[in-house]
Amino acid sequence: GIKRGVLELADAIAINKADGDNVKKAKKAAKIYENALSLLQPPSPAWTPLVLTCSALKMTGIKEIWQTVLDHRQRLSDSGELAHKRRKQALDWMWSLVEEGLKERFYQNPDIKRELTQIARRVENGTTAPTLAARELFLILDKKG
């Protein structure tokens, strides 16, 4: 199915298996995707997503896909958007690593390990509100400084 959120992220769509009896089906799918993309705001002012068909089996359309990748990169580089995206990706990666590290430290904390099952059970049983349980867990961490 065509998911709006996925299409909003696409810079290009390649429909594979456009060979043999599937050529008509692949072209039909490409038309459906083109129509769907035409209803959305392009993800970039410098680029409008393309829909391409190819056959990995017959090696057709592969050069066009690669050229689309190169053209996309060039347009985004020329507009400065690629550098902006890379900076945002670097920040996103940093925050992802911070969150991953905090989670790991949280779950590896011996006091948390000892109390977590009991606290979670109280939330599950409805005897403690989730907000109070979370506060209790943070207080356990704060005791360590």
Side-chain angles (χ1 to χ4, degrees), residues 1-22 24-57 59 61-62 64-66 68-145:
I2 297 175
K3 294 250 182 205
R4 183 173 183 215
V6 173
L7 284 183
E8 289 173 335
L9 298 174
D11 293 316
I13 296 173
I15 299 170
N16 190 22
K17 300 191 182 200
D19 49 52
D21 294 341
N22 287 329
K24 274 186 170 179
K25 292 176 188 174
K27 287 182 179 182
K28 183 178 179 181
K31 196 68 179 156
I32 291 169
Y33 275 106
E34 285 171 356
N35 289 337
L37 285 169
S38 73
L39 300 173
L40 301 174
Q41 178 83 16
S44 162
W47 181 259
T48 300
L50 301 175
V51 180
L52 306 150
T53 60
C54 66
S55 168
L57 182 68
M59 294 303 292
I62 306 300
E64 291 81 359
I65 291 171
W66 182 242
T68 299
V69 170
L70 296 175
D71 292 346
H72 175 263
R73 181 180 175 83
Q74 188 64 53
R75 285 225 190 134
L76 267 59
S77 291
D78 291 349
S79 71
E81 196 172 337
L82 185 62
H84 174 75
K85 280 186 173 193
R86 292 295 181 252
R87 288 190 301 271
K88 184 182 178 324
Q89 286 171 337
L91 279 174
D92 290 346
W93 188 12
M94 178 195 77
W95 286 118
S96 177
L97 291 171
V98 166
E99 288 174 15
E100 186 179 308
L102 288 171
K103 254 182 157 173
E104 185 177 325
R105 285 185 182 179
F106 177 85
Y107 287 111
Q108 294 305 314
N109 180 296
D111 296 328
I112 293 293
K113 280 183 174 181
R114 186 175 51 252
E115 299 293 330
L116 186 57
T117 304
Q118 180 186 1
I119 293 170
R121 193 173 297 125
R122 291 194 329 252
V123 171
E124 189 176 48
N125 293 336
T127 57
T128 300
T131 52
L132 292 175
R135 187 174 300 147
E136 188 176 341
L137 290 166
F138 287 128
L139 287 173
I140 290 169
L141 289 176
D142 285 345
K143 286 182 197 175
K144 288 283 184 176

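The chain is numbered in sequence order, starting from 1.
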When rounded to the nearest 0.5 angstrom, what distance separates [atom1] in [X] from [atom2] in [Y]?
X      : Y      : atom1 : atom2 : answer
Lys31  : Lys28  : NZ    : NZ    : 13.0 Å
Lys113 : Asp111 : NZ    : CG    : 11.0 Å
Ser55  : Asn16  : OG    : CG    : 6.5 Å
Leu91  : Trp95  : CG    : CH2   : 8.5 Å
Ile13  : Thr68  : CD1   : OG1   : 12.0 Å

For residues [X] and [Y], determine if any side-chain heavy atom of one lies less than 4.5 Å from a side-chain heavy atom of the other.
X     : Y     : value
Ser44 : His72 : no
Leu37 : Thr48 : no
Lys85 : Leu76 : yes
Lys88 : Asp92 : yes

Could you tell me which non-hydrogen atom of Ser77 sits nearest to which non-hydrogen atom of Leu82, and how far apart they are? OG-CD2, 3.2 Å
Which atom names give the shortest non-hydrogen contact between Asn22 and Lys17, and what distance separates them? CB-O, 3.0 Å
Kindly say whether Asp11 contributes a backbone atom to a donor-acceptor pair with the side chain of Trp47 at under 3.5 angstrom? yes
Exam field: side chain Asn109 to backbone Leu141, donor-acceptor pair closer than 3.5 Å: no
Flag if over 12 foreign heavy atoms under 6.0 Å of [atom1], [X]:
X     : atom1 : answer
Gln89 : CD    : yes
Arg75 : CZ    : no
Asp21 : CG    : no

Under the criterion side chain to side chain donor-acceptor pair (under 3.5 Å), which of Thr128, Thr127, Thr117 is the partner of Arg122? Thr128
